[in-house]
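Each ligand, and each atom within it, is numbered from 1 in the order the structure gives. Since we're looking at a predicted model, the values are computed, not measured.
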Amino acid sequence: MDLKPNLNPVLTDATPLTRSRLGGVPSGLYSPKGATFPHGPLLAIPRKKTGILDDVRSSCWLDAMKSSSPTHNKVSKDVSHGIGSPDTAYSTWLLKFPSALASFDQIANCAKGKRIALFLDYDGTLSPIVDNPDCAFMSDNMRAAVKKVAEYFPTAIISGRSRDKVCELVGVSELYYAGSHGMDIIVPPRQSISDNHPDGIRSSDKQAVEVNLFQPAAEFLPMIEEVLGLLKESMKDIEGAIVESNKFCASVHYRNVNEESWQIVGQRVYDVLKQYPRLRLTHGRKVLEVRPVIDWDKGKAVTFLLESLGLNNCDDVLAIYVGDDRTDEDAFKVLRELNKGCGILVSSAPKDSNAIYSLRDPSEVMEFLTSLVLWKSSI
Ligand SMILES: O=P(O)(O)OC[C@H]1O[C@H](O[C@H]2O[C@H](CO)[C@@H](O)[C@H](O)[C@H]2O)[C@H](O)[C@@H](O)[C@@H]1O
């Protein structure tokens, strides 16, 4: 594929990426139920014999919490090693991760004669990051752009949120949806996943239309619900902490918690999780995410969807994945390794990534989607 190679992708913060890096790209599409559960929580908490409090007090733990969704200035300074202004750092970074808008002709050239499959993250990609997770609404213009692009290309939303929630927030029925970081996927029945995959089941949606569901973490549901209750209980006296159910995952948000209390948030989450070795912890943007230890992530969800759409074994497919979060790195990495397309990182600050291109913010994402439509309708 003739997309600009990113020659030196360096991932400095490996916390949520470690498993996929060590595990590499899957040989199969999914791990069967009861597959290996090699690790406990994966958050970088060194396990010391001196006790958990020591672990949580270590700068490693707190630094990881602080570095998630850092401010523009902090990241710019880190990446530029303090040299130059944030703008200079961003311009330098753009040399490595060129703007997908500025490089649109190159992407379009590459897509000539190919079928594009589009994968979109939700928070921070289609909607701006806001303090209250329940108020992360996408604009009507963005909704119209997503609806339009889906008329031209198969388009999927892959989110850490529950599938129902992200469906409601996006509100466009012509899309494929994968919630819980890809652990809850819905595809139309013409793609017979239930025949091929043990975790696939036939079901019907709210309009009683037959659909196929793929839920590789289904057996974890009671456990996640139990943990959700414990997390809610343990956070109830921490001002600003929000515990969100994402069906097969649970999120503990600390964006609105006073920074002095972040350590307590981390400690309490860790205390709950230490009783559940089959659950692990990853970091998002000012959020700790509890999820099952299964060999499944957004990258595997992309591979699965490509297969479900009959697009996996074709040379004439260009997959484009747009996302802003660390969990999206798994998808960027899969596309890079399979040479199937490209990742586009949404970031207004320099960040290391497995993506090939970048976009600054959701408004640029909208412009990119509109450009895809204009290009496709002009050929
Ligand atoms: O995979 P995504 O669709 O990007 O979902 C990842 C998480 O997004 C949400 O949290 C983030 O956005 C919130 C709203 O802007 C913000 O308040 C929060 O700090 C961010 O972490 C969502 O609430 C989580 O459940 C998702 O896992």
- Starting from atom 6 (C) of ligand 1, locate the nearest protein heavy atom and write down its residue, its atom name and how far away it is, to 0.1 Å.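 For atom 6 (C) of ligand 1, the nearest protein heavy atom is Asp325 OD2, 3.9 Å.
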
- Item | Selection from His253, Glu289, Lys286, Arg326 by shortest heavy-atom distance to atom 26 (C) of ligand 1 |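 Shortest heavy-atom distance from atom 26 (C) of ligand 1: Glu289.
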
- Task: Select the closest option to atom 8 (O) of ligand 1 among Val346, Asp121, Asp123, judged by heavy-atom distance.
- Result: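 Considering heavy atoms of Val346, Asp121, Asp123, the nearest to atom 8 (O) of ligand 1 sits in Asp123.
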
- With hydrophobic residues grouped by side-chain heavy-atom distances under 4.5 Å, do Ile242 and Leu273 end up in a single group?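 Not linked; separate clusters.
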
Do ligand 1 and [X] have nitrogen or oxygen atoms that lie under 3.5 Å from each other?
X	result
Arg255	yes
Gly160	yes
Thr327	no
Val130	yes

Heavy-atom contacts with [X] under 4.0 Å: which atoms of ligand 1 show up? List them by number with element.
X	value
Arg285	18 (C), 19 (O), 20 (C), 21 (O)
Ala136	14 (C), 15 (O)
Glu244	22 (C), 23 (O), 24 (C), 25 (O)
Asp131	17 (O)
Asn246	25 (O), 27 (O)
Val287	21 (O)
Tyr122	3 (O)
Ser251	24 (C), 25 (O), 27 (O)

- Message: Within the structure provided, determine whether Met235 and Val252 are in side-chain contact (heavy-atom separation under 4.5 Å).
- Response: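 A side-chain contact under 4.5 Å exists here.
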
- Taking the side chain as every heavy atom from C-beta outward, state whether Arg268 and Ile238 have any pair of such atoms under 4.5 Å apart.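 When only atoms from C-beta onward are counted, Ile238 and Arg268 do touch, with a gap below 4.5 Å.
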
Any ion pair linking [Y] and [X] (charged N to carboxylate O, less than 4.0 Å)?
X	Y	value
Arg115	Asp316	yes
Arg285	Asp324	yes
Arg161	Asp123	yes
Glu151	Lys148	yes

- Applying ring pair (Phe, Tyr, Trp, His ring centres under 6.0 Å) between Phe368 and each of Tyr357, Trp375, Phe104, report the one that passes.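 That would be Phe104.
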
- Would the number of heavy atoms belonging to other residues, nucleotides or ligands and lying under 6.0 Å from CD of Gln275 be above 12?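 Yes, CD of Gln275 has more than 12 neighbouring heavy atoms, counting only those of other groups under 6.0 Å.
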
Relative to ligand 1, is [X] under 4.0 angstrom through side chain, backbone, both or neither, heavy atoms considered?
X	result
Asp328	neither
Ser159	both
Cys249	neither

- Does ligand 1 have an atom under 4.0 Å from some heavy atom of Ser127?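 No; Ser127 lies far enough from ligand 1 that no heavy-atom distance drops under 4.0 Å.
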
- May I have all residue pairs that pass ring-ring contact (aromatic ring centres under 6.0 Å, His included) and include part of residues 107-126, sequence neighbours excluded?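 Residue pairs with at least one partner in residues 107-126: there are none.
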
- Message: By the ring-ring contact (aromatic ring centres under 6.0 Å, His included) test, which pairs, at least two apart or in different chains, include something from residues 322-348?
- Response: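 Listed once each, the pairs are Tyr321-Phe332.
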
- Item | Arg360 NZ/CZ over Tyr90 ring centroid, <6.0 Å and within 45° of normal |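 Yes, Arg360 sits over the ring of Tyr90.
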
